[in-house]
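Both backbone and side-chain heavy atoms feed into the values below; hydrogens, waters and symmetry mates do not.
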Amino acid sequence: MSEHQIQISERHTINLTGIKRVLNFDENEISLQSALGVLLIRGHGMHITMLNLDDSRVDVEGNINALEYKNADNVYKEKSKKVMGRLFK
């Protein structure tokens with residue numbers, strides 16, 4: 001298993017190791033499968049500047065507001081609730 005580390009600089013740049021795959025991303029939220037579970041990065045104007053899954057590395061830039069680890073099942077349930085809510089407004 002890859003060692004999972006997070007390095008944040010000035011709440012603008014984040015360098016991650018131990019990343020297995022990118023689950024989902026947009027300018028406001030990035031979901032990553034890490035060696036220790038699903039990691040959600042929330043903020044504004046975010047983009048992935050480096051992605052190397054062979055080395056388990058991801059770099060992100062943007063306004064970073066929050067990091068949160070979640071159980072993978074909870075992430076998919078929350079996403080499906082949001083989609084269903086928008087469909088049945």
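Met50 contributes atom CE, which lies 9.0 Å from atom CG of Leu16 (distance to the nearest 0.5 angstrom).
Considering all non-hydrogen atoms of both residues, Glu3 and Thr17 come closest at O-OG1, 3.2 Å. The nearest pair of heavy atoms linking Ser31 to Glu29 is OG-OE2, 3.9 Å.
Lys20 places none of its side-chain heavy atoms less than 4.5 Å from the side chain of Leu53. Side chains of Leu32 and Val38 form no contact here, defined as non-hydrogen atoms less than 4.5 Å apart. Using a 4.5 Å cut-off on side-chain heavy atoms (C-beta onward), Val58 and Asn52 make no contact. For the pair Met46/Ile30, a side-chain contact is recorded, criterion being any heavy-atom separation below 4.5 Å from C-beta on.
Glu27 is linked by a side chain to side chain donor-acceptor pair (under 3.5 Å) to nothing, counting only residues two or more places apart in sequence or in another chain. Not counting sequence neighbours, the partners of Asp59 by the side chain to side chain donor-acceptor pair (under 3.5 Å) test are Asn15. The side-chain contact (heavy atoms from CB on, under 4.5 Å) test applied to Ile8 returns Ile6, Ile14, Leu67, not counting sequence neighbours. When the side-chain contact (heavy atoms from CB on, under 4.5 Å) test is applied to His12, the partners found at least two apart in sequence or on another chain are Glu61. For the side-chain contact (heavy atoms from CB on, under 4.5 Å) test, residues two or more places apart in sequence or in another chain that qualify with Arg11 are Asn65.
Among residue pairs with one or both ends in residues 41-71, those qualifying as ring-ring contact (aromatic ring centres under 6.0 Å, His included) are His4-Tyr69; sequence neighbours excluded.
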